[in-house]
Amino acid sequence: MKKLITLCCICFILQGCGKKPEANFTWSPQNPKAGQEVQFTNSSTDAKKYDWNLGNMKISSEKNPKNTYSSAGDYIVDLTAHNGLKSDTKTITINVTQ
């Protein structure tokens, strides 16, 4: 039992030893129209895993996802970059026009 607890503690400590990631991304086109595909380009540093909320009830764990917004409006997009137990989130608002 002591070995198991020690092993769990070591794993927990090692998970937290990595660098804190910095979430960052761009998108193209900058001013999309409804029905137009938007390409997200991830430029995060020190991250091993990515979680996207694309603002229209779609999520992704791809590094560089694509998404199409069918209606005009403002969409809040979040990228959370993970490195072990550490994470960072960047949030932007994309304005999609008709």
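All values derive from a computational prediction rather than experimental measurement. Just the heavy atoms: all of them, side chains too, but no hydrogens, waters or symmetry mates, feed the values below.
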Subject >> Atom pair CD/CG of E22 and D88 - distance to nearest 0.5 Å >> reply: 6.5 Å

Subject >> side chain to side chain contact (heavy atoms under 4.5 Å, CB included) against T91, all qualifying residues, sequence neighbours excluded >> reply: I76, D78, T89

Subject >> Residue pairs passing the ring pair (Phe, Tyr, Trp, His ring centres under 6.0 Å) test where at least one lies in residues 79-98, sequence neighbours excluded >> reply: none

Original post:
With distance as the sole test, does K20 use its side chain to make a donor-acceptor pair with the main-chain N or O of S87 at under 3.5 Å?
Top reply: yes

**OP:** Find the distance between CZ (F25) and CD (Q39) and round it off to the nearest 0.5 Å.
**Re:** 12.0 Å

**OP:** Can you sort out the partners of T26 under side chain to side chain contact (heavy atoms under 4.5 Å, CB included), two or more places apart, ordered by chain and number?
**Re:** T41

Original post:
At what distance, to the nearest 0.5 angstrom, does NZ of K19 lie from NZ of K48?
Top reply: 11.5 Å

Original post:
Of all residues at least two apart in sequence or in a different chain, which pass the side chain to side chain contact (heavy atoms under 4.5 Å, CB included) check with Q30?
Top reply: W27

Subject >> Heavy atoms of other groups near Q36 CD, more than 12 under 6.0 Å >> reply: yes

Original post:
Within the distance-only criterion (no hydrogens, no angle test), does the side chain of N83 pair as donor or acceptor with the backbone N or O of P21 below 3.5 angstrom?
Top reply: no

Original post:
Can you tell me how far the CD1 atom of I59 sits from the CG atom of N53, to the nearest 0.5 Å?
Top reply: 8.0 Å

Subject >> All side chain to side chain contact (heavy atoms under 4.5 Å, CB included) counterparts of A34, not counting sequence neighbours >> reply: V96, Q98

**OP:** Taking N24 for its side chain and S43 for its backbone only, find out whether a donor-acceptor pair lies under 3.5 Å.
**Re:** no

**OP:** Test F40 against I94 for side chain to side chain contact (heavy atoms under 4.5 Å, CB included), laying out the working first.
**Re:** CA-CA 11 Å; F40 294 95; I94 294 179; 3.6 Å; yes

**OP:** In sequence, state the C-alpha distance, the side-chain angles, and the governing distance for K49 and D51, and then conclude on salt bridge (Lys or Arg N to Asp or Glu O under 4.0 Å).
**Re:** CA-CA 7 Å; K49 183 180 170 237; D51 290 319; 3.5 Å; yes

**OP:** List the steps, then state whether side chain to side chain contact (heavy atoms under 4.5 Å, CB included) holds for Y75 with L54.
**Re:** CA-CA 8 Å; Y75 295 89; L54 298 170; over 6 Å; no

Original post:
Tell me, which pairs form a side-chain hydrogen bond (donor to acceptor under 3.5 Å, both in side chains) where one or both residues lie in residues 60-72, sequence neighbours left out?
Top reply: N56-N67, N67-Y69

